[in-house]
Amino acid sequence: AMESGVAKTAITDWEAYELELQERIGIDQRLMSRVISRAKKDPKRVVFAEADNVKILKAAQTIRDEKIAIPILLGNEEKINSLIEENKLDLHDVLIIDTYKQPEKLQLYGDVLFKKRQRKGITPKEATRLMRDRNYFGAMMVELGEADALISGLTKDYPKTILPSLQVIGVKPGTDRVAGMYIMNTDKGPYFFADTTVNLNPSAEELVEIIGLTANGVKFFDIEPRVAVLSYSNFGSAKGETASKTAKATALAKQKFPDLVIEGEMQANVALNEEIQKENYPFSALIGKRANTLIFPDLSSGNIAYKLLSEIGNAEAIGPVLLGMNKPVHILQLGSSIREIVNMVAIAVVDAQSAS
Ligand code: ACO
């Protein structure tokens, strides 16, 4: 139990935010509530690479109090402790690791990294030095089973944060891509957007991989994926590289995943409007099967679409959920809110439960 005088912290902001969302948007909270209850059934060890940050510490407080996960904090111990004190948090039973003060671990982890990357231009000394970087250290903890999931990315740009995990943990066997998915929780139900964070300009074949990863990501939330491959063109109506790439990706994906509902290439309004489909495209596989999974032709369109929808549309963005990694790693959007961090931790825990 919490001592008196200790503020009942982040959860308060979170509940208020949830109420505000319900009033403002009328969003259905069931999707994340389900994930959070699943996480609580078997909480996992989640390592935070950026624990010298007050939002991370407040999120850690919530997940500790609510028993969503067991947090592990990486960073300068003095700085973390003074932030804990300033913010009247209670994290006395949470493990704090200062990567700079772990010579034995640095050596051990460095050796493992060197073995993995010795033919990719790294020296043993460099590998050990890299391990002080908390994104490397955290990824290695997950790789070696000393933690179950890594959460990072709040304070650093996405490419810098994901690279250590790509090098240390890598992709799932059978996949050669990772991709980022956002859940857009709207008053019309949840929609899944991909790739919103990783692949700059995927080829048709890479889009097929992204479709497969995303479909699995949607199933993770117990929802049947119904995929629309988006473009500025409807079924051959317009020319250009993107139109032919998305048409080809749709055809290949239909072959590769015969059990999935996949349609395209199509414009976003057509994908989301059954009347237009019935009138003009009566062959569409999405008629009677509301599209809920939107695949974008490139990173620009995916990233811009989700950010526009979350800033000026009636939607809450949950993510980015990183798909295709061999172990659970999730890279936060720069400047995520406490609630967004807690949501991602719950997703990471459930991800780790199914991995173990
Ligand atoms: N899937 C799986 N592995 C990958 C991928 C991918 N999509 N891209 C690169 N890799 C692997 C490579 O195979 C390579 O492995 P190796 O070193 O073992 O051979 C390693 O990662 C590094 O590859 P590089 O070619 O050096 O890295 P690259 O320059 O391709 O960078 C990165 C990869 C960082 C993901 C890059 O594609 C990128 O910057 N993407 C955009 C990220 C971004 O800025 N997103 C927008 C903001 S996110 C937001 O708004 C929340």
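When a ligand or atom number is given, it counts from 1 through the structure's own listing order.
Within a 4.0 Å radius of atom 40 (N) of ligand 1, the protein contributes one or more non-hydrogen atoms. In this structure, atom 13 (O) of ligand 1 is not in close contact with the protein, since no protein heavy atom lies within 4.0 Å of it.
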Quiz prompt | Full working for salt bridge (charged side-chain N to carboxylate O under 4.0 Å, His left out) between Glu224 and Arg226 | solution = CA-CA 6 Å; Glu224 188 205 338; Arg226 292 180 298 261; 3.5 Å; yes
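Taking only nitrogen or oxygen atoms, main chain and side chain alike, Asn303 reaches within less than 3.5 Å of ligand 1.
Near Arg177, the atoms of ligand 1 lying under 4.0 angstrom from a non-hydrogen atom of the residue are 1 (N), 2 (C), 6 (C), 7 (N). Taking every non-hydrogen atom of Asp176 and a distance limit under 4.0 Å, the qualifying atoms of ligand 1 come out as 1 (N), 2 (C).
Between Lys307 and ligand 1 there is a heavy-atom distance shorter than 4.0 Å. Heavy-atom separations between Arg117 and ligand 1 include at least one value shorter than 4.0 Å. Within the structure, ligand 1 has Lys120 among the residues with a heavy atom less than 4.0 angstrom away. The closest approach between Thr175 and ligand 1 stays at or above 4.0 Å for every heavy atom of the residue.
Figure legend: Arg290 and Tyr191 shown as a cation-pi pair, the cationic atom lying under 6.0 angstrom from the six-membered ring centre and within 45 degrees of its axis. A cation-pi arrangement is present between Arg38 and Phe220 under the rule of less than 6.0 angstrom and at most 45 degrees off the ring axis.
Screening Glu205, Glu265, Glu206 for a salt bridge (Lys or Arg N to Asp or Glu O under 4.0 Å) involving Lys248 leaves a single residue, Glu205.
Counting non-hydrogen atoms of neighbouring residues, nucleotides and ligands closer than 6.0 angstrom, the CD atom of Glu78 reaches no more than 12 such neighbours.
When the heavy-atom distances from atom 8 (N) of ligand 1 to Leu334, Ile162, Leu166, Val168 are ranked, the shortest goes to Leu166.
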